[in-house]
Number of protein chains: 2
Amino acid sequence: MSKVLVVDDEPALARALAINLRAHGWEVVTAADGRSALDAAATERPDVVVLDLGLPDLDGTEVIAGLRGWSSVPIVVLSARQHGEDKVDALDLGADDYVTKPFAMNELMARLRAAVRRGQVAAPEEAVVTVGSLEIDLARKRVAREGVDVRLTPTEWAFLELLARNLGRLVTREQILREVWGPAYEHETHYLRVYAAQLRRKLEDDPAHPRHLITSAGLGYTLEAG
Amino acid sequence: MSKVLVVDDEPALARALAINLRAHGWEVVTAADGRSALDAAATERPDVVVLDLGLPDLDGTEVIAGLRGWSSVPIVVLSARQHGEDKVDALDLGADDYVTKPFAMNELMARLRAAVRRGQVAAPEEAVVTVGSLEIDLARKRVAREGVDVRLTPTEWAFLELLARNLGRLVTREQILREVWGPAYEHETHYLRVYAAQLRRKLEDDPAHPRHLITSAGLGYTLEAG
DNA sequence: CACCGTCTTGACGGTTCCTTGACGGCGGGC
DNA sequence: GCCCGCCGTCAAGGAACCGTCAAGACGGTG
């Protein structure tokens, strides 16, 4: 769970933010002015800071500068001002993102997630899905079974990749056909059978009794996690 | 083409909205009160909802809360009230954006587009409905009873999904038949009995005395929350 | 042009699922 | 008590779907 520090002097807005963020799984700490914001940032070590400009004591830019003196925590600035002038200021000083009021809660949430993601330096995005003895490397577009590479055709790979990106989730026939063959093929279910069989022959220990690539008759296919 | 659900009890405004939206390429569904809004959202699966506060039956906030129980569809609230009080309420409950009347059609349109865009980027959003020892995962299309997966046929799943999306609310026979079998089957009530029985056999501890899938004779079925 | 890997298409047998009918239980109205 | 409507149960037949094999079509490459 990520921790967010909300810095805002309007109690109503601060409360609304806190409630929404908590509902979405964030741990929330609040501060109502610039000085306590700096204190809270030092003691709580949040993963990201939401900073409303126009605080009673310090100018928002001072808060950013103060934080940047010792921390590289991502900062998302919140502002009522419409024009770009202080946007440039804030970004210059080291803010990471900028949202003008009124804003949509989802947008803020998305920007926070993005900010945290960017903030995590150690994120080379190791996109490898492991399923039993299968290793599916989404970045390199490779599959290995018990350590040895398996050669897949482009269509086989597209099929498998789609299932792997939805690991453990049922992917409907229509979705597979749309994604792999294109929107016009939405009803060509024959392809599914041919390619499911082909993947099983290459990837399953016992293709006749698949343990990974599971069929749900009339619905679609699932790449089973366990 | 994106689909929008317009919830407004003033016919004139609802019509004006529908016409304008359709002219801009939206697919439009309308509802005039809170209850039918929830029904329509469950059956139509809009990409975004425009919700006018001040409905005859339910408070707008109740509608938001009801929707948020199972859906993460973006909601844009429409309100005549000028001051911020219920704005905060609406956002607290999970609305995504807020437009005060009178508004420019262009502005609403832009906010809808933005809401849809954000909705698509947003997280996969765990949508799991828990009923007793049942876990119904709407995103993965899976049901587990006491932790173990239960295999459902496509029709069984469609039936259960509809009830789960209307958790605790009675779903009429007509609505189920229309949704699961199609508009032409609105009077084939035999199907309901067969499939209700089948679901109970798979999901209930004692199929003869169901505690979750409840019949209301002559009316329809309810998936009981407790 | 011939070769090769890949994609498409067809046919067939086995399985799952849907549909349909028949029957019994339950409860309300008369 | 009897009738009637509605619900729940079971089972059978047929339709839809799946897995499999293999032959042809297609598109690059040498």
Side-chain angles (χ1 to χ4, degrees), chain A residues 141 143 149-163 170-182 184-224, chain B residues 141 143 149-163 170-174 176-182 184-223:
Chain A
K141 298 189 187 298
V143 203
D149 266 31
V150 178
R151 280 181 47 87
L152 294 187
T153 72
T155 308
E156 286 164 3
W157 171 255
F159 194 149
L160 180 65
E161 182 184 20
L162 179 59
L163 293 181
L170 176 69
V171 187
T172 66
R173 305 189 296 180
E174 289 72 21
Q175 190 180 347
I176 299 170
L177 289 165
R178 242 182 293 129
E179 301 264 330
V180 177
W181 281 271
Y185 291 72
E186 214 170 296
H187 304 289
E188 304 286 329
T189 62
H190 197 142
Y191 289 134
L192 299 176
R193 301 200 289 282
V194 173
Y195 276 87
Q198 233 150 41
L199 281 174
R200 283 181 184 134
R201 194 151 6 102
K202 292 186 175 181
L203 302 178
E204 295 273 2
D205 292 334
D206 179 3
H209 302 97
R211 294 176 45 234
H212 304 318
L213 207 175
I214 306 301
T215 303
S216 295
L219 287 171
Y221 292 83
T222 307
L223 188 63
E224 210 54 59
Chain B
K141 296 188 189 298
V143 201
D149 266 33
V150 178
R151 284 179 49 88
L152 294 187
T153 72
T155 308
E156 287 163 3
W157 171 256
F159 194 150
L160 180 65
E161 185 183 20
L162 180 59
L163 293 181
L170 176 71
V171 186
T172 66
R173 305 190 294 182
E174 289 72 22
I176 299 170
L177 289 165
R178 239 182 295 130
E179 270 296 301
V180 178
W181 281 271
Y185 291 73
E186 216 171 294
H187 304 288
E188 304 285 329
T189 62
H190 196 143
Y191 289 133
L192 299 176
R193 300 200 289 282
V194 172
Y195 277 88
Q198 229 149 42
L199 280 175
R200 284 179 183 137
R201 191 147 17 93
K202 291 186 175 180
L203 302 179
E204 296 274 1
D205 291 334
D206 179 3
H209 302 95
R211 295 176 44 233
H212 305 318
L213 207 175
I214 307 301
T215 303
S216 296
L219 291 173
Y221 292 83
T222 307
L223 187 63

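What you are looking at is a predicted structure, and each value in this text was computed from that prediction instead of being measured. Residue numbering restarts at 1 for every chain, and letters A, B, ... go by the order of the sequence lines.
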Once you round it to whole Å, what is the distance between [atom2] of [N] and [atom1] of [X]?
{"X": "B/His209", "N": "C/dC26", "atom1": "NE2", "atom2": "C1'", "value": "12 Å"}
{"X": "A/Leu177", "N": "C/dT8", "atom1": "CG", "atom2": "C1'", "value": "14 Å"}
{"X": "A/Leu199", "N": "D/dT20", "atom1": "CG", "atom2": "C1'", "value": "15 Å"}
{"X": "B/His190", "N": "D/dC7", "atom1": "NE2", "atom2": "C1'", "value": "10 Å"}

Look at the side-chain N and O atoms of [X] and state whether any lies under 4.0 Å from the OP1 or OP2 oxygen of [N].
{"X": "A/Thr153", "N": "C/dC7", "answer": "yes"}
{"X": "A/Tyr195", "N": "C/dC7", "answer": "yes"}
{"X": "A/Trp181", "N": "C/dT8", "answer": "yes"}
{"X": "A/Arg200", "N": "D/dC18", "answer": "no"}
{"X": "B/Arg173", "N": "D/dC7", "answer": "yes"}
{"X": "A/Thr215", "N": "D/dC17", "answer": "no"}

Side chains of A/Thr215 and A/Arg200 only: does a donor on one sit below 3.5 Å from an acceptor on the other?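 A/Arg200 and A/Thr215 do have a side-chain donor-acceptor pair below 3.5 Å.
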Heavy-atom donor-acceptor pair, A/Glu156 side chain to A/Gln198 backbone, under 3.5 Å: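 Looks like no, no N/O pair under 3.5 Å.
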Look only at the side chain of A/Glu186 and the backbone of A/Leu177, and say whether a donor-acceptor pair between them is shorter than 3.5 Å.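 Checking the backbone N and O of A/Leu177 against the side chain of A/Glu186, no donor-acceptor pair under 3.5 Å is found.
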Within the 4.0 Å heavy-atom criterion, would you say A/Arg201 contacts the bases, only the backbone, or no part of the nucleic acid?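 Since no nucleic acid heavy atom lies under 4.0 Å of A/Arg201, the category is nothing.
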Within the 4.0 Å heavy-atom criterion, would you say A/Tyr221 contacts the bases, only the backbone, or no part of the nucleic acid?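 Here A/Tyr221 touches the backbone only, sparing every base.
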A/Trp157 ring center near A/Tyr195 ring center (under 6.0 Å):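 Not under 6.0 Å, so no.
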